[in-house]
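Take a look at the structure set out below.
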Amino acid sequence: MLSPTSVKDALNQTAPVEQMLVQGWVRTRRDSKDFSFIELNDGSSLRNLQIIARDSLPNYATVQRLITGASIIVRGALVASQGKGQNWELVADELTIVGASDESYPLQKKGHTPEFLREIAHLRPRSNLFGCVFRVRSRLAFAIHQFFQERGFYYIHTPIITGSDCEGAGELFRVTSIDATNPPRKPDGSIDYTRDFFGRSTYLTVSGQLEAEAFASALTKVYTFGPTFRAENSNTSRHANEFWMIEPEMAFTDLQGNMDLAEEMVKYLIRDAREKCREELGLFAKFVDKELLSRLDFVIDRPFQRITYTEAIELLKKSGEKFEFPVEYELNLQSEHERWLTEKHFKCPVTVFNYPKKIKPFYMRLNDDNKTVTAMDLLVPGIGEIVGGSQREERLEVLEESMRRYKMDPKDYKWYLDLRRYGTVPHSGFGLGFERMLMFVTGVSNIRDVIPFARTPGSAEF
RNA sequence: UCCAGCGUAGCUCAGUGGUAGAGCGGUCGGCUGUUAACCGAUUGGUCGUAGGUUCGAAUCCUACCGCUGGAGCCA
């Protein structure tokens, strides 16, 4: 029995092959005088394998009715192509139609808009663009593990169902098995979640950071890579309610080491995609974003800019630029401010650090000035924030004080505070939005187009 | 959630108060080692949904839904 060859491997042959088995989906078919050309794609490559189906095939009449989208298995000889445009083609000895298609198949061989393809998310991976996007997604996910494993990090699976409801990272989705039509109630009429499945309120995680801190306090260098859920009603091209996040956490590491790692990682991932996904990046550069390759190369070649929040504010104030929103100390940087820094002023990724404590979450380490915390945001041109992180507050009393300032009860975070009680250590980490990284690497401008099946407000089909 | 724009054939779009259109796709035929093939014919519609104004609405008004861009929140 002949084992199947992928289209990619078939196209990469260096010599003719007498017998070969390929399988995949028909992209298009053209008739010639006494044979048909079939373009076969199996997702292993952007390129198609040209099949020659002669009229001597016993099922030639059926083959001639093959339409885009049908699945077939072909056995035949790989020979040098007589035509231009491809080195190899497969002359079919046997062509089996596995699954027919019909004229209602929505994908045409001509270009479709990403918006239309989004409506047929189950079929869009069969398009050139989305085939490329998801091959890059796979490669990048692998590269992330490779990056950390090469550096002695351990991969931690933090829980997806969590009891922490106050991580300062947005709205949460409640997880419950309570019957919504007849919930158990407390005497005051409110729903009694102590009688819910876990004996308490639970939610889908918005971050694995707190749990990762526990593991960094044992295995020293760890990272998480998993799905994250935010119930924010965000309607933008950069937000999804379910997305994947990478969160390294390192013991005995300060903000400096944290920024170094973030920068090194972003460069590593770009360099990897540049080397391992040439075909795909070529397609993006041609059809999605003409500047893509030069921008990626620029990012790989140069050190990122690093400035404090205070310096950023001063630069923005001196810029002479008319911003819609005010530039003031202790106000968050607006999208337009971040844009100006990365796209106009520095023209490269910028890490902004040491933010006022007022505008950052409770767990970030307080600086000696008593005004700023060791936060850092890595901003990239075109997308904005791609990494957000900090050195964590490792001093018990300072952390408790911070919690109280945020109206949190330290008693509710006993286990988290225990990490400061027993063998506390300076430690740091950050979160990298996987989809945002993919957007940067591919040039695709809508987050819905780098996730297989996007979850966004009002939209969870498929 | 806020602001703006859009929603017409399977797709991309034209049509701004008076008979619903084009290109592509599909189908049929022709030609052809073709490759986003070519030539001819043909098929194709609840004009997002629901109300309203009008003799008459794709077109004007209202509400809702969805999409796009921007903003907020963030990754």
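Side-chain atoms are counted along with the backbone in the values below, which use heavy atoms only and exclude waters and symmetry mates. Below, chains carry the letters A, B, ... as their sequence lines are ordered, and counting in each starts from 1. Just so it is clear, the model here is predicted, and its values are computed rather than measured.
As judged by a 4.0 angstrom heavy-atom cut-off over every strand, A:Gln50 is placed among the base-contacting residues. Nucleic acid contact class of A:Phe116 (heavy atoms, under 4.0 Å, all strands): sugar-phosphate only. Among the atoms of the strands shown, none is found under 4.0 Å from any heavy atom of A:Arg65. Contacts of A:Glu324 with the nucleic acid, taken as non-hydrogen atoms under 4.0 Å apart, are absent. Among the heavy atoms of the strands lying under 4.0 Å from A:Ile386 are primed sugar atoms or P, OP1, OP2 only; no base atom is included.
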Practice item. Verify side-chain hydrogen bond (donor to acceptor under 3.5 Å, both in side chains) between A:Tyr223 and A:Glu249, making sure each step is shown before the conclusion. Key: CA-CA 6 Å; A:Tyr223 68 105; A:Glu249 194 70 37; over 6 Å; no
Point to revise | salt bridge (Lys or Arg N to Asp or Glu O under 4.0 Å) between A:Glu263 and A:Arg306, intermediate numbers included | key: CA-CA 10 Å; A:Glu263 176 169 337; A:Arg306 282 185 196 174; 3.3 Å; yes
Exercise for review: Tell me, with the steps shown, if A:Val98 and A:Ile72 meet side-chain contact (heavy atoms from CB on, under 4.5 Å).
Suggested key: CA-CA 5 Å; A:Val98 180; A:Ile72 59 173; 5.5 Å; no
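Between A:Phe116 and A:His112, the ring planes are tilted. Angles from 30° to 60° get that label.
For A:Phe243 and B:A75, the ring-to-base geometry satisfies the stacking test (centroid distance below 5.5 Å, interplanar angle below 30°).
With A:Arg436 contributing its side chain and A:Glu385 its backbone, the two residues share a donor-acceptor pair below 3.5 Å. With hydrogens and angles ignored, the 3.5 Å screen pairs no side-chain donor or acceptor of A:Arg339 with any backbone N or O of A:Lys344. Although no hydrogens or angles enter the test, the distance criterion places no donor-acceptor pair under 3.5 Å between the side chain of A:His345 and the main chain of A:Leu316.
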Give every pair of a protein N or O atom and an N or O atom of nucleotides 36-46 of chain B that lie under 3.5 Å apart, one pair per line with the distance.
unit_1 : atom_1 : unit_2   : atom_2 : d
B:A37  : OP1    : A:Lys109 : NZ     : 3.1
B:A37  : OP2    : A:Arg30  : NH1    : 3.4

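Checking B:C67, B:A75, B:A71 against the side-chain heavy atoms of A:Ile447 singles out B:A75 as nearest. Comparing B:U34, B:G69, B:U1 against the side chain of A:Ser237 picks out B:G69 as the nearest. Nearest nucleotide to the side chain of A:Glu115, out of B:C67, B:G33, B:C74: B:C67. In this structure, the nucleotide among B:A71, B:C74, B:G33 sitting nearest to the side chain of A:Asn332 is B:C74. The side chain of A:Gln108 sits closest to B:G10 out of B:G69, B:G10, B:C74. Checking B:G26, B:U12, B:U34 against every side-chain atom of A:Ile67, the shortest atom distance belongs to B:G26. The side chain of A:Ile52 has B:G33 as its nearest neighbour among B:C74, B:G33, B:U1.
Nucleotide B:G18: paired with B:C55 (Watson-Crick or G-U wobble, both distances less than 3.5 Å). When both pairing distances are held under 3.5 Å, B:C24 makes a Watson-Crick or G-U pair with B:G10. If you check B:G33 for Watson-Crick or wobble pairing at under 3.5 angstrom, you find it has no partner at all. Of all nucleotides present, only B:C3 satisfies the Watson-Crick or G-U wobble test against B:G69, with each distance under 3.5 Å. Across all strands shown, B:A50 forms a Watson-Crick or G-U wobble pair with B:U62, both key distances being under 3.5 Å.
A:Asp449 places its CG atom 12 Å from the C1' atom of B:C67, with the value rounded to the nearest Å. A straight line from CZ of A:Arg29 to C1' of B:G26 spans 13 Å, rounded to a whole angstrom. For the pair A:Gln64 CD and B:U27 P, the interatomic distance rounds to 12 Å; values are reported in whole Å. B:C73 atom P lies 17 Å from atom CG of A:Asn241, rounded to whole Å. Distance CZ (A:Phe325) to C1' (B:C3): 11 Å, rounded to an integer number of Å. Residue A:Asn233 contributes atom CG, which lies 15 Å from atom P of B:C73 at whole-angstrom precision. In this structure, A:Asp55 places its CG atom 14 Å from P of B:C31, rounding to the nearest Å. Put simply, CG on A:Leu331 is 10 Å from P on B:C73, counting in whole angstrom units.
OP1 or OP2 of B:G72 lies within a sub-4.0 Å distance of a side-chain N or O belonging to A:Ser335. In terms of phosphate contacts, A:Ser81 brings no side-chain nitrogen or oxygen within less than 4.0 Å of OP1 or OP2 of B:G33. In this structure, A:Ser32 does not reach the B:U32 phosphate: none of its side-chain N or O atoms is under 4.0 Å from OP1 or OP2.
With P as the reference atom, B:G30 and B:U19 are 40 Å apart, rounded to whole Å. Across B:G44 and B:C28, the matching C1' atoms stand 15 Å from one another, rounded to whole Å. On the P atoms, B:U59 is 15 Å away from B:A9, given to the nearest whole Å. Distance check on atom P: B:C64 versus B:A41 gives 48 Å, rounded to whole Å. Taking the C1' atoms as reference points, B:A22 lies 30 Å from B:C61, given to the whole Å. Spacing between B:U8 and B:G70 at atom C1', rounded to whole Å, works out to 27 Å. Comparing B:C11 with B:A36, their C1' atoms sit 14 Å apart, to the nearest whole Å. B:G5 and B:G45 have their C1' atoms separated by 25 Å, with the value rounded to a whole Å.
The shortest side-chain heavy-atom distance between A:Arg405 and A:Lys357 falls under the 4.5 Å cut-off. A heavy-atom distance below 4.5 Å is not found between the side chains of A:Val206 and A:Phe229. No side-chain heavy atom of A:Leu95 sits less than 4.5 Å from a side-chain heavy atom of A:Tyr60.
Within 3.5 Å, no donor on the side chain of A:His112 pairs with an acceptor on the base of B:C11, nor the reverse. Counting atom types as modelled, A:Arg238 pairs no side-chain N or O with a base atom of B:A75 as donor and acceptor under 3.5 Å. Counting atom types as modelled, A:Glu232 pairs no side-chain N or O with a base atom of B:U1 as donor and acceptor under 3.5 Å. With hydrogens and angles left out, the side chain of A:Ser234 and the base of B:C74 share no donor-acceptor pair within 3.5 Å.
We find the CG-CE distance between A:Asp254 and A:Met259 to be 8.0 Å, quoted to the nearest 0.5 Å.
The stretch residues 95-105 of chain A comes close to RNA chain B through A:Glu103, each having a heavy atom under 4.0 Å from the strand.
With A:Phe148 as the fixed residue, the ring pair (Phe, Tyr, Trp, His ring centres under 6.0 Å) test singles out one of A:Tyr154, A:Phe153, A:Tyr155: A:Phe153.
By the 4.0 Å N-to-carboxylate-O rule, A:Arg230 lies too far from A:Glu171 to be salt-bridged with it.
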